[in-house]
Amino acid sequence: MSGQLKEVRNRIKSIQSGQQITKAMKMVSAAKLKRAQDAITLMRPYAVKLQEMLQNIVSNSEGNINTPLAAQREIEKVLIVVITSDRGLCGAFNSNLIKAAKRVIRDKYAEQFEKGNVELLPIGKKGYEHFLNNGYKVNDKFWNMFGNLTFDHVKEASSLAMEGFIDGTYDAVEIVYSEFKNAAVQEYVNEQFLPIAKVENEEDSLKADFIFEPQKDVLIAELMPKILNTQFFKAILDNHASEHGARMTAMDKATENASELLRNLKISYNRARQAAITTELTEIVSGAAALAG
């Protein structure tokens, strides 16, 4: 009985230590989430409006636009950018992103994948390790981007995708990431990065009428790469905020589960202790009765 009590006490101490860690991690994630949430909240309206403007220009322009970034061609070679995180302890966050990337490959690019023409550009250690260990064709240049999360560093990865599309290394580029909604909700999405997607206008809708100064081709050639860099950066900031939200939620659930375990273990400990005391009292009474007899 004493051995059983000691085992329960050790388990209680172990869970209490773990609970302190999960509480601390939750607080750290909450602080990081606030900064990441502020960053994406401030940038999103600007990035969304730029994307709408770019798609409207591509969709409403008469004739061909003089930019290779909008060129539509038969898809033979594909680059899929998969944004995960560097660290775990964030629930199913990374596994859901990896599943989303595999779903894109299965549903849209199965034929290209069979030919070995699907390349993955993982951003984040978790995605990089998974795809590398499972035999996928992986570009390893930017998997550690979160160690230096700046616009200039992100622009290097975006430029790699754009230059690869222009020179024909890739015929399509897609981004798989988690769009931040709130601390508890993340939406796993994939977006076509290149070629720039056109928007179908309804028959009775008005076309956007832009005034270009200087000439349209010159302005578009200058603006397109900058807007695409901004879209790429927005996707990474979205994913970064989603990661901290997922980790904060996971640590909160872990803390609650530890409290429930502690409650059950303390009940078990008290029952075992009462049983031990009862046994000891019975032995004392029995011994006293034997001596008296």
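Values in this document were obtained by computation on a predicted structure and should not be read as measured data.
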Student: Checking N139 against E119: is there a side-chain donor and acceptor pair closer than 3.5 Å?
Tutor: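 Yes, N139 and E119 have a side-chain donor paired with an acceptor closer than 3.5 Å.
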Student: So do E174 and Y109 actually touch side chain to side chain, heavy atoms under 4.5 Å?
Tutor: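 Y109 reaches E174 side chain to side chain.
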Student: Which salt bridge (charged side-chain N to carboxylate O under 4.0 Å, His left out) pairs, counting each pair once, include a residue from residues 146-168, with sequence neighbours left out?
Tutor: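 Qualifying pairs, neighbours excluded: none.
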Student: Once the angle between the rings of Y136 and F113 is folded into 0 to 90°, is it parallel (under 30°), tilted (30 to 60°) or perpendicular (over 60°)?
Tutor: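 Judged by the thresholds at 30° and 60°, the geometry between Y136 and F113 is tilted.
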Student: Take atom NZ in K137; do more than 12 heavy atoms of anything else shown fall under 6.0 Å from it?
Tutor: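 Buried by this count: over 12 neighbours within 6.0 Å.
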Student: To the nearest 0.5 Å, how far apart are CD in Q37 and CG in D238?
Tutor: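 Going from the CD atom of Q37 to the CG atom of D238 covers 11.0 Å.
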Student: Tell me whether S14 contacts the main-chain N or O of N10 through its side chain, where contact means a donor paired with an acceptor under 3.5 Å.
Tutor: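 No; zero donor-acceptor contacts below 3.5 Å.
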Student: Write down the atom of A241, the atom of L33, and the distance for their closest heavy-atom approach.
Tutor: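 Distance-wise, the nearest heavy atoms are O-CD1, 3.4 Å.
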Student: Is it true that a side-chain atom of K77 and a backbone atom of G168 form a donor plus acceptor pair closer than 3.5 Å?
Tutor: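 Looks like yes, one N/O pair under 3.5 Å.
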Student: Honestly curious: do Y46 and L237 fall in one hydrophobic cluster under the side-chain, below-4.5 Å linking rule?
Tutor: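 Y46 clusters together with L237.
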Student: Testing the basics here: between V78 and Q112, what is the closest heavy-atom pair and its distance to 0.1 Å?
Tutor: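 Here V78 and Q112 meet closest at CG2-CG, 4.3 Å.
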Student: Taking the side chain as every heavy atom from C-beta outward, state whether K108 and N190 have any atom pair closer than 4.5 Å.
Tutor: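 Yes, close enough: below the 4.5 Å cut-off.
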Student: State, yes or no, whether a side-chain contact exists between L194 and L69 at a heavy-atom distance under 4.5 Å.
Tutor: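 L194 vs L69: side chains touch.
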Student: Is a side-chain donor or acceptor of H153 paired with a backbone partner of N148 at a separation under 3.5 angstrom?
Tutor: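 Yes.
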Student: Keeping the roles fixed (side chain from N239, backbone from S178), state whether a donor-acceptor pair exists under 3.5 Å.
Tutor: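 Checked: pair present.
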Student: Hey, what do you get for CD1 (I12) to OG (S17), rounding to the nearest 0.5 Å?
Tutor: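 With rounding to 0.5 Å, CD1 (I12) is 12.0 Å from OG (S17).
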Student: Kindly compute the distance separating NZ (K49) from OG1 (T230), expressed to the nearest 0.5 Å.
Tutor: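 Rounded to the nearest 0.5 Å, the NZ-OG1 separation comes out at 15.0 Å.
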Student: If hydrophobic clusters are built by linking Ile, Leu, Val, Met, Phe, Trp and Tyr wherever their side-chain heavy atoms come under 4.5 Å apart, do L121 and V176 end up in the same one?
Tutor: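 Result: no, two separate clusters.
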Student: Between F232 and F193, what is the ring plane arrangement, given parallel below 30°, perpendicular above 60°, and tilted in between?
Tutor: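 Taking F193 first and then F232, their aromatic rings stand perpendicular (interplane angle over 60°).
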Student: With the 4.5 Å side-chain cut-off for hydrophobic clustering, are I236 and L50 part of the same group?
Tutor: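 Looking at the clustering, L50 is in the same group as I236.
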Student: Linking I/L/V/M/F/W/Y whenever any side-chain heavy atoms sit under 4.5 Å apart, do V189 and V185 land together?
Tutor: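 Different hydrophobic clusters.
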Student: With ring-ring contact (aromatic ring centres under 6.0 Å, His included) as the test, pick out the partner of H240 among F233, F146, F180, Y177.
Tutor: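 For H240, the ring-ring contact (aromatic ring centres under 6.0 Å, His included) check succeeds only for F146.
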Student: Are P195 and Q192 side-chain neighbours, meaning at least one heavy-atom pair lies under 4.5 Å?
Tutor: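 They are in contact (side-chain heavy atoms under 4.5 Å apart), so the answer is yes.
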Student: Mind checking whether R9 and R273 have side chains closer than 4.5 Å, heavy atoms only?
Tutor: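 They are not in side-chain contact.
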Student: Hey, is the main chain of K23 close enough, under 3.5 Å, to the side chain of Q20 for a donor-acceptor pair?
Tutor: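 No, the answer is negative, given that no donor and acceptor are paired below the 3.5 Å cut-off.
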Student: Looking at F131 and A101, what are the two nearest heavy atoms and their distance?
Tutor: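 Looking at all heavy atoms of both residues, the shortest contact is CZ-CB, 4.0 Å.
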Student: Side chains of W143 and L132: closer than 4.5 Å at any heavy-atom pair?
Tutor: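 Result no, sub-4.5 Å side-chain heavy-atom pair not found.
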Student: With the 4.5 Å side-chain cut-off for hydrophobic clustering, are I80 and I123 part of the same group?
Tutor: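 As far as the 4.5 Å side-chain criterion goes, I123 and I80 are not connected within one cluster.
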Student: If you compare all heavy atoms of K141 against all heavy atoms of L160, which two are closest, and at what distance to 0.1 Å?
Tutor: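 So the two residues come closest at CD-CD1, 3.6 Å.
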Student: Atom NZ in K102, atom CG in L120: separation rounded to 0.5 Å?
Tutor: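 K102 NZ to L120 CG: 10.0 Å, rounded to 0.5 Å.
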Student: Using every non-hydrogen atom in the two residues, find where A235 and I175 come nearest and quote the distance to one decimal.
Tutor: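 Answer, listing the atom of A235 first, then I175: CB-CG2, 4.2 Å.
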Student: If you define the side chain from C-beta out and look only at heavy atoms, does anything of I40 sit under 4.5 Å from K234?
Tutor: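 I40 reaches K234 side chain to side chain.
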Student: Work out which heavy atom in L97 is nearest to a heavy atom in I83; give both atom names and the distance.
Tutor: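 Heavy-atom minimum between the residues: CD1-O, 3.1 Å.
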Student: Does a side-chain heavy-atom distance below 4.5 Å link N229 with M162?
Tutor: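 Contact flag for N229/M162 side chains = yes.
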Student: Is it the case that atom CZ in R44 sees more than 12 heavy atoms from other parts of the structure closer than 6.0 Å?
Tutor: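 Above 12, so yes.
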Student: Rounded to the nearest 0.5 Å, how far does CD of E179 lie from CD of Q186?
Tutor: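 Those atoms lie 11.0 Å apart.
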Student: Using the rule given for side chain to side chain contact (heavy atoms under 4.5 Å, CB included), can you reason through V154 versus M145, listing the C-alpha separation, both sets of side-chain angles and the distance that settles it, and then say yes or no?
Tutor: CA-CA 7 Å; V154 171; M145 181 174 288; 3.6 Å; yes
Student: To the closest 0.5 Å, what do you measure between CD (E129) and CG (D86)?
Tutor: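 Atom-to-atom, E129:CD and D86:CG are 9.0 Å apart.
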Student: Kindly list each side-chain donor-acceptor pair under 3.5 angstrom involving residues 245-263, sequence neighbours excluded, with atom names and distances?
Tutor:
unit_1 : atom_1 : unit_2 : atom_2 : d
R247   : NE     : G88    : O      : 3.1
R247   : NH1    : E243   : OE2    : 3.0
R247   : NH2    : R87    : O      : 3.2
R247   : NH2    : G88    : O      : 2.9
R247   : NH2    : E243   : OE2    : 3.1
T249   : OG1    : A183   : O      : 3.1
T249   : OG1    : G245   : O      : 2.9
D252   : OD1    : K26    : NZ     : 2.8
T255   : OG1    : T22    : OG1    : 2.9
T255   : OG1    : M251   : O      : 2.8
N257   : ND2    : K253   : O      : 3.3
S259   : OG     : Q19    : NE2    : 2.6
S259   : OG     : T255   : O      : 3.2
E260   : OE2    : R263   : NH2    : 3.0

